[in-house]
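All values derive from a computational prediction rather than experimental measurement.
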Amino acid sequence: MKTNKLRYSLYLLLVMFVYVAKAQPELPLKNQVFSPLNTHKSTALQQHLQEELFANPKWKKLLDTKKMTIAVVDLKDSSHVKYAGINDDYMMYSASLPKIAILFAVMHAIENNEVADTERLKADLRLMISKSSNSAATKMIDLVGYEKIDDVLQRSEIPLYNKDTGGGLWVGKRYASSGRRYPDPLKGLSHAATAYQAANFYYLIVYGELINYARSKEMLDILKDPKLNHKLVNTISSIAPNATLYRKSGTWKNYHADSILVWGPDRRYILVVLIEDAQGEQIIRNVVKPVELAIERSKSVNSE
């Protein structure tokens, strides 16, 4: 009798494992038709995102004055991606969020045998992302140089910084008090992002298109399971404990930035929020549920 119960329990566990595996495809996605993020703009998601955010007078004022930018990518149906954003091509100071650009540049250098691929290097990259270590970030900047980061961001097959579309991700200063500046060409910012290009970074690695499949997977592994439980992570981890989170945030004075890829059985999306406001930390936490509601509302057949 006990043996039969044990077998049945093991069978149920196996069924659950298979269900979860099917519900959460492995990242990066395989055998998927890829098209650029800007080809997936959704009228329905855009409408519902605006309705949800503009309903809050404080947020509407921030959005109207370009003190707040947002980008959302609904990935629940990988064959029907939906994108929406508000002020998403407006570049803002983003503190530590652009460390994802350093990660990209270093991985590009590894791929091209410009730097050695060592365990110590990967540990520094993980420390730079998961705990937002400034010393590790500065070490990586010194390793590859501003010109390498600039070149990778502007001249990749799909650029993550484009002067003709509002800029994008930029790193032009060490995360330290000393060193020369290498400001971006549009606004002269040192650490900057647009919500669109930050979202595009995650979108490309989801499809294995940032450098290549193997390097995209390595970057996902480094971004996985963030160690700082604030902003988006604080809210999402409480409402979606079974989801896997890939994330990089940033804060400096009144500038608050966060970017996340949420990958779970019930929700799969990318969310980027950049804010210049003293209450930015709390606003970013509070924006999650309205964004998820906008995604849910956009699924209506008649709303697209």
field: Test salt bridge (charged side-chain N to carboxylate O under 4.0 Å, His left out) applied to Lys289 and Glu52, step by step
entry: CA-CA 9 Å; Lys289 292 182 180 179; Glu52 292 296 330; over 6 Å; no
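Partner Arg174 forms a side chain to side chain donor-acceptor pair (under 3.5 Å) with one of Asp142, Asn134, Thr138 and no other, that one being Asp142. Across Tyr182, Tyr146, Tyr175, a single residue satisfies ring pair (Phe, Tyr, Trp, His ring centres under 6.0 Å) together with His191, and that is Tyr175.
Looking at Leu274 and Asn87, their side chains never come closer than 4.5 Å, going by heavy atoms from C-beta outward. Looking only at side-chain heavy atoms (C-beta outward), Lys30 and Tyr213 come within less than 4.5 Å of each other. Ile205 places none of its side-chain heavy atoms less than 4.5 Å from the side chain of Arg215. Using a 4.5 Å heavy-atom threshold, the side chains of Pro185 and Trp170 count as touching. Side-chain contact between Met107 and Glu218 is present, with heavy atoms from C-beta onward closer than 4.5 Å. Under the 4.5 Å side-chain criterion, counting only non-hydrogen atoms from C-beta, Ile275 is in contact with Val273. Between Ile222 and Tyr246, the closest side-chain pair of non-hydrogen atoms is not below 4.5 Å. With contacts defined as side-chain heavy-atom distances shorter than 4.5 Å, the pair Thr69/Asp88 does not qualify.
Checked against the 6.0 Å centroid criterion, the rings of Tyr93 and Trp252 qualify as a close aromatic pair. Aromatic ring centroids of Tyr202 and Tyr269 lie 6.0 Å or more apart. For Tyr83 and Tyr196, the ring centers sit closer than 6.0 Å to each other.
Interatomic distance, Ser130 OG to Arg247 CZ, rounded to the nearest 0.5 Å: 10.5 Å.
When the shell of 6.0 Å around NZ of Lys173 is examined, it contains more than 12 heavy atoms from other residues, nucleotides or ligands. Residue Lys187 places its NZ atom among more than 12 non-hydrogen atoms of other residues, nucleotides or ligands, all under 6.0 Å distant. The 12-atom threshold is exceeded at CD of Glu147, counting heavy atoms of other residues, nucleotides or ligands nearer than 6.0 Å.
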